[in-house]
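Throughout, numbering of the chain's residues begins at 1 and tracks the sequence.
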Amino acid sequence: MDETQERYYSSSLPESSLSRDGNGGSYVNGQINRGTGISGLKKRGHGSRSWIKIGQDGNFQTVILDKATIMRHCSLPSRDLRLLDPMFIYPSTILGREKAIVVNLEQIRCIITADEVILMNSLDGSVGQYRLELCNRLQNEKADDLPFEFRALELALELTCTSLDAQVNELEMEIYPVLDELASSISTLNLERVRRFKGHLLALTQRVQKVRDEIEHLMDDDGDMAEMCLTEKKTRSDPYTFNDSFQSRASGRVISKSAPASPERTISGVQMLQRAFSSIGNSSKHGSSMGSSDNAERIEPLEMLLEAYFIVIDNTLNTLLSLKEYIDDTEDFINIKLGNIQNQLIQFELLLTAATLVAAIFAAVAGVFGMNFKSTVFAYPSGFNWVLVITGIACIALYFALLFYFRFKKVFAA
């Protein structure tokens with residue numbers, strides 16, 4: 001089986017471009033782990049890319065495939081392959097097709113069929129972790145009841161949820177001390193750090209929200225989940241094809257034998273159509289009730305799988321929302337604190353304005369009496385001193401009167 005698949009994948013390539021490893025896998029000559037080599041192959045191959053093919057036995061091989069080959073082998077439209085193109089940034093998507101499941105979860109981009117996983121080769125650590133973990137599980141965990149495509153999809157969801165949860169925990173550990181420091185000491189440096197963390201938080205929230213929405217969409221649509229049951233569709237399609245061909249041949253032989261029968265036993269075309277329509281109606285009613293129960297039984301393992309990871313990703317999203325609420329509460333506290341400081345500055349400015357008014361009155365009186373004019377006040381040696389004392393007392397009284405008025409109007413706190 002593996003040799004046949006390997007000949008299929010390698011048919012469009014020269015033999016010198018592939019080499020085998022110890023496990024029977026084929027590798028591109030020295031160009032698997034080099035980004036420049038892969039890009040060079042892509043340019044020479046007119047859309048060909050490096051892919052990792054993982055079989056049900058846990059063995060893998062690295063091959064170079066173009067879009068046309070993948071589209072023919074997996075029966076996929078070209079728009080589905082665009083979701084896996086690393087040159088473009090697409091949100092997380094899981095699509096169920098007739099013969100494959102297209103998975104685009106963060107850095108894990110692959111096509112899952114009933115027999116194999118075609119994983120896009122990349123230098124990212126998530127791709128290598130997915131390959132190693134999937135091969136290990138397929139080789140060591142033989143007693144799993146889940147079909148092959150569900151096990152591959154489960155690992156993709158697990159690594160994606162784990163990676164997002166780890167990023168959220170890391171962000172949470174970094175941002176809480178910064179927010180506490182900002183609440184106690186408002187500075188430009190702390191504000192800039194919080195601004196960067198908030199941008200990172202918003203981007204991470206969008207990624208987690210998209211994964212959650214995608215899982216929720218699959219759980220709400222039984223038809224999409226039924227499309228993802230590839231192993232069961234494959235096992236059902238093979239015997240049905242054989243039975244249909246056998247029945248067509250058998251009916252052909254019966255008709256040929258009954259052809260020379262007497263006209264009395266022949267059935268008109270109208271009666272045959274009536275019987276056919278009635279049988280179709282009865283079978284459709286019976287099939288709808290049976291099909292719904294069969295469909296529920298088929299998608300139950302997948303629904304339980306998606307529900308488990310929906311809970312995980314929903315918990316991650318709730319952590320992000322709680323962190324966002326904490327940031328908003330800190331911002332509200334900072335705004336309140338800044339507003340209080342601003343109010344104190346306004347009160348201090350009002351006190352200075354009142355003191356300036358009183359000092360201006362005192363200076364005006366002293367300036368008037370300092371002019372060169374004749375007055376009876378100057379006939380007394382201490383007359384000018386009494387003027388200054390009375391003016392000073394009047395100014396102080398005016399200042400305290402202003403303070404009492406401001407407090408009465410609740411401009412100042414009691």
Side-chain angles (χ1 to χ4, degrees), residues 86-93 104-109 122-127 129 157-216 309-357 402-403 406-407 409-414:
M87 301 297 294
F88 303 98
I89 299 177
Y90 289 99
S92 298
T93 307
N104 178 19
L105 293 175
E106 295 296 318
Q107 302 300 325
I108 300 176
R109 305 183 180 190
S122 174
L123 299 179
D124 190 85
S126 300
V127 176
Q129 185 180 3
L157 290 172
E158 178 183 345
L159 293 181
T160 301
C161 294
T162 304
S163 175
L164 291 175
D165 188 66
Q167 295 179 39
V168 170
N169 292 333
E170 182 180 358
L171 179 63
E172 188 177 10
M173 293 177 61
E174 291 179 355
I175 200 171
Y176 274 124
V178 176
L179 292 175
D180 294 338
E181 185 179 356
L182 179 63
S184 60
S185 175
I186 302 174
S187 63
T188 305
L189 179 61
N190 291 335
L191 289 173
E192 180 64 23
R193 293 171 63 187
V194 171
R195 186 189 66 83
R196 290 199 307 266
F197 281 131
K198 189 173 182 179
H200 188 195
L201 175 66
L202 294 177
L204 190 58
T205 303
Q206 292 177 357
R207 291 161 53 193
V208 174
Q209 182 71 48
K210 188 63 182 73
V211 175
R212 180 189 178 277
D213 293 343
E214 193 65 25
I215 297 176
E216 186 178 14
Y309 288 99
F310 177 80
I311 295 174
V312 175
I313 200 68
D314 188 63
N315 185 31
T316 303
L317 182 61
N318 291 333
T319 303
L320 287 173
L321 294 179
S322 300
L323 188 58
K324 184 177 182 299
E325 290 180 359
Y326 190 80
I327 293 177
D328 294 338
D329 293 342
T330 305
E331 290 180 348
D332 294 339
F333 175 74
I334 291 173
N335 291 331
I336 294 173
K337 192 174 181 179
L338 292 176
N340 186 28
I341 294 174
Q342 186 176 7
N343 291 334
Q344 292 178 358
L345 291 176
I346 293 174
Q347 292 177 4
F348 183 70
E349 183 180 3
L350 190 59
L351 291 176
L352 289 179
T353 304
T356 303
L357 174 63
L402 290 175
L403 292 181
F406 291 149
R407 184 159 300 190
K409 292 295 184 179
K410 296 182 180 180
V411 178
F412 294 155

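Using a 4.5 Å heavy-atom threshold, the side chains of L317 and I313 count as separate. You'll find the side chain of L204 reaches within 4.5 Å of the side chain of R207, heavy atoms only. Side-chain atoms of Y176 and L323, non-hydrogen and from C-beta on, do get closer than 4.5 Å to each other. You'll find the side chain of T188 stays beyond 4.5 Å of the side chain of E192, heavy atoms only.
A 6.0 Å sphere centred on CD of E349 holds no more than 12 heavy atoms belonging to other residues, nucleotides or ligands. Counted within 6.0 Å of NZ on K198, heavy atoms from surrounding residues, nucleotides or ligands total 12 or fewer; the atom is thus considered open.
Of all non-hydrogen atoms in V127 and Q107, the two that sit nearest each other are CG2-O, 3.7 Å. Taking each heavy atom of K337 and I186 in turn, the nearest pair found is CD-CD1, 4.0 Å. When all heavy atoms are compared, the tightest approach of P91 to N104 is O-ND2, 3.4 Å.
The structure places CZ of R212 at 13.5 Å from CG of L164, a figure rounded to the nearest 0.5 Å. Separation of atoms CD1 (I215) and SG (C161) is listed at 5.0 Å; rounding is to 0.5 Å. Taking CG of N169 as the start and OG1 of T316 as the end, the distance is 7.5 Å to the nearest 0.5 Å. Between T330 atom OG1 and L179 atom CG the span is 4.5 Å, to the nearest 0.5 Å. Rounded to the nearest 0.5 Å, atoms CG (L402) and OG1 (T353) are 10.5 Å apart. Here the straight-line distance linking atom CG of L320 with atom CG of L201 works out to 6.0 Å at 0.5 Å rounding.
There is a side-chain donor-acceptor pair under 3.5 Å between S163 and Q167. Side chains of D124 and S122: a donor-acceptor N/O pair is absent below 3.5 angstrom, by distance only. Side-chain atoms of D213 and Q209 form a donor-acceptor pair, as typed in the model, at a separation below 3.5 Å. Between the side chains of S187 and N190, at least one donor N or O sits under 3.5 Å from an acceptor N or O.
Comment: E331 does not engage K324 in a salt bridge, judged by the lack of any side-chain N to carboxylate O separation of less than 4.0 angstrom.
Checking side-chain atoms of S185 against main-chain N and O of A183 turns up no donor-acceptor pair under 3.5 Å. Between the side chain of N315 and the main chain of I311, no donor-acceptor pair closer than 3.5 Å is present. K210 contributes a side-chain N or O that, together with a main-chain N or O of S92, makes up a donor-acceptor pair within less than 3.5 Å.
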Problem - Audit row: I175, Y326, side-chain contact (heavy atoms from CB on, under 4.5 Å) steps and yes/no - result: CA-CA 10 Å; I175 200 171; Y326 190 80; over 6 Å; no
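Of the options D165, V208, V168, L171, a side chain to side chain contact (heavy atoms under 4.5 Å, CB included) to T319 is made by V168 and by none of the others.
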